[in-house]
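Every chain is numbered from 1 and lettered A, B, ... according to where its sequence line falls, protein lines coming before strand lines.
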Amino acid sequence: MIKRLLTSRELILAVAILALIALIALKFPAFIETSNLLDAFNDTSPLIILALGQMVVILTRCIDLSVAANLALTGMIVAMINTQFPAVPVPLLIIVAIIAGSLMGALNGLLTWKLDIPPIVVTLGTMTIFRGLVFVLSEGQWINAHEMSASFKAFPRNEFLNLPVLSWFAIIIALLVIVMVSRTSLGRAFYAVGGNPNAAVYAGIDVGRTQFLAFTISGALAGLTGYLWVSRYAVAYVDIAGGFELDVVAACVIGGISIAGGVGTVAGAFLGAIFLGVIKNALPVIGISPFAQLAISGAAIIIAVAFNASYRNTKGRLILKHDEAVNG
Amino acid sequence: MNLIYSQSPHMTTSESAASMPHLGPHIKPNLEQDLEPVLQVSGVTKEFPGVKALNNVSLELYAGKVTALIGENGAGKSTLVKVLTGIYQPDSGEITLGGDTKVFNTAHAAALEGITAIHQETVLFDELSVAENIFLGNAPKGRFGLIDKSSMKAKAVALLKRVNADIHPDTPLKELGIASKHLVAVARALSVESQVVIMDEPTAALSLKEIEELYTLVEQLKQEGKAILFISHKFDEVFSIADFYTVYRDGEMVGSGAISNTNQDELVQLMVGRPVEQVFPNRLSIIGDEVLRVEDYSHPTEFADISFRLNQGEVLGFYGLVGAGRTELMQALFGITKPSAGYLHIEQQQVAIRSPEQAIAKGIVYVPEDRGNQGTIKDTPIFHNVSLPSLAKTLKHKLLNPAAELALTREYTERMELRAAALDQHVNKLSGGNQQKVVISKWLATKPKVIILDEPTKGIDIGSKAAVHHFTAELAAKGMAVILVSSEIPEIIGMADRAIVMRDGRIRAEFSKQEMTPEALVQAAAGIGSAA
């Protein structure tokens, strides 16, 4: 048990995050004040939620590049509803956001399932379509803070047990996803489909349908994040969260979710997002230029992937020996 | 069995040397005793964990002669091809080429020495043109080391003409049929001036006319002085094309000689000639009511007019050569592919099976042949694998219940005598035989009526084989109906109550326990003798 803990990727990642924080604290002790750490966590919450959705998709050997565009489109939809009909209550708006997001995710899933188009192509296409629709809907106009109702903006900032609602969303969704992947048949199907689609077919699992559901979940979480994002920053426009899908995929990769499918944990995706969040929050404090920040984030991704690759290689040789024995 | 290099037409040394002066004083055809082999394999052994694929085998190939390599599936033919083409390195033994000892550490090294293999499924590149395929890795270079396209094309035209192929060198390979692809592969073999050409079941996927064309080609290669190794299951081919034969059985060489000195019966004897071992469980079959009835099952391309019955407590063997359509039929019974016609009755009720999920629900399970690819999810724990098709039965409040999953897994893996450190161990840490036990446990846990075992003992060690056989017998004894697809004759004879032989997608013969003999099975499968 102890040996397994020590070799677990999640533990290594947690240690790396703590080391990173300690390193920053040596120069900037203010960084590790509780309030600052909580702020950093709150800032990272949208990334955590999206990474959890992305994790489910990647587990099934797919990828969802449309999450940030989905977020922008649902964000614009709820912001426009709010400006037109300020009386619509926030919980209803959240439901609208989740439904709109899951419809977009379901579209990705249907195209992958029924037309057998590679997911990277499907979501690259829908990513552009969703972004385009934000422009069509808003006619390129911004929706600014003064146009939004007070309750619309206040919801994610409300505090409960000293933690903003936004942070609570990240925590609760992480718990729900843990239950889903470890305690439901669907969760088991995600791992089976990604781990070995052929074997999954023989076990009576519909591979396409499972991937469709993964995309729908990812879409629903992107839609929810759309509302949270727009209300927290109190602005909606065409380019919000531009390029954020790459951060989401990066968080998963850093967290040890195998791009080849079938391998990954909620803790991994969660910590991967935190790792990126710490870097993004700390670098400006240290006074590193935004361009260097990009380079550092990129380097972190490559190191994580290289780590994954070397981990996989040693395993691969073992499998090969079995196969040779079979063919011989 | 004393067949080693008996002489065929008698001719004195001086006569042959006089009649073939251009061949030089050392090579005297028609007198095999003195013929110098181009390629000689001696004492080659290749072992995999638990399996001795080749045991001290030898083989000789002669210039301008075709040697047929004959053997059952699993006799070691493919392993030998891989050793000759540098894909596997032998554990011991020697390969000499033109008198010099050679070591092929890579496939490229073997190709450079002039050994080319043409495989059953051609190993070429669909997206490249014919000319690019012929010269891949060996393209004529022009200035600056760039590929000289016009010279490559001109050489390709010349090579294609040599093999009588009417193919334009710019044609993308994917537009060609299998026969034409073979021709391209042969052209590629000629482009590197191979001394040795290996043809691994080249006719398996060809039509009659294409086979004729291939024969012409082989004739031509002979005339060009190539030494040809021809691997085939079809005896008519062997007798019409080969000069010599070598027979392997269970990784050992059991006979060789001139084709003109032997006959079909003798070769069949050599191939299967071993007593059925007593490792098979002695069982008393108690055959009950009909469980499965298949009527006129057909598929557009893979099989046709399949009808058979299967009863409780019965083991029904399906024998045939690789590619006879057995696996394709089983996949249709399991709902992976859809039949184009036919009916299925389970316990006298007509049912339609459209997906594996439905098959499992109706009580049919399928343990696939390719367990690496289709059997297990390697990166997950044993108990996740075993419980996967039975999850619905272990749910508690609609949530997964690991305790119930573990209990289910323990129950069935213990019956299978699975050797694992723990049930949450990942499957990829297990040996091949134990992985197979995980797969079988998984299916037993669904409590099926009919269990289809597709090559259940392929590539696993003797001990695991015995456990699988023992368990198969136990399943039948408990009233389950078992379909045993196997290419191993002893397994069919040792286990099955009845055997169906398939060839070219159709049922060709059915044998009762008493009628089953190795010779009868081989003849029906190969389409020779009275069964043809």
What one should report as the nearest heavy-atom pair of B:P356 and A:G204 is CB-CA, 4.0 Å

So, for B:L400 and A:S185, which heavy atoms are closest and what is the spacing to 0.1 Å? CD2-N, 3.8 Å

Under 4.5 Å from any heavy atom of chain A - which part of [X]:
X	result
B:Q331	side chain
B:T394	neither
B:L54	neither

Is it true that atom NZ of B:K393 has more than 12 heavy atoms of other residues, nucleotides or ligands lying nearer than 6.0 Å? yes

Greater than 12 external heavy atoms within 6.0 Å of B:E357's CD: no

Looking at B:L399, B:V365, B:N385, B:V367, which has the largest count of heavy-atom pairs under 4.5 Å with chain A? B:L399

In terms of heavy-atom pairs under 4.5 Å with chain A, which of B:N401, B:L388, B:T380 leads? B:L388

Mind checking the [atom1]-[atom2] spacing from [X] to [Y]? Nearest 0.5 Å is all I need.
X	Y	atom1	atom2	result
B:L391	A:R188	CG	CZ	5.5 Å
A:N198	B:T376	CG	OG1	11.0 Å
B:K378	A:N196	NZ	CG	8.0 Å
A:Y202	B:I336	OH	CD1	3.5 Å

Highest number of heavy-atom pairs under 4.5 Å with chain B among A:A192, A:G194, A:G187, A:G195 belongs to A:A192

According to ring-ring contact (aromatic ring centres under 6.0 Å, His included), who are the partners of A:F212, at least two apart in sequence or on a separate chain? A:W113

Does anything in residues 175-183 of chain A get under 4.5 Å of chain B by heavy atoms, and if so which residues? A:V179, A:S182, A:R183

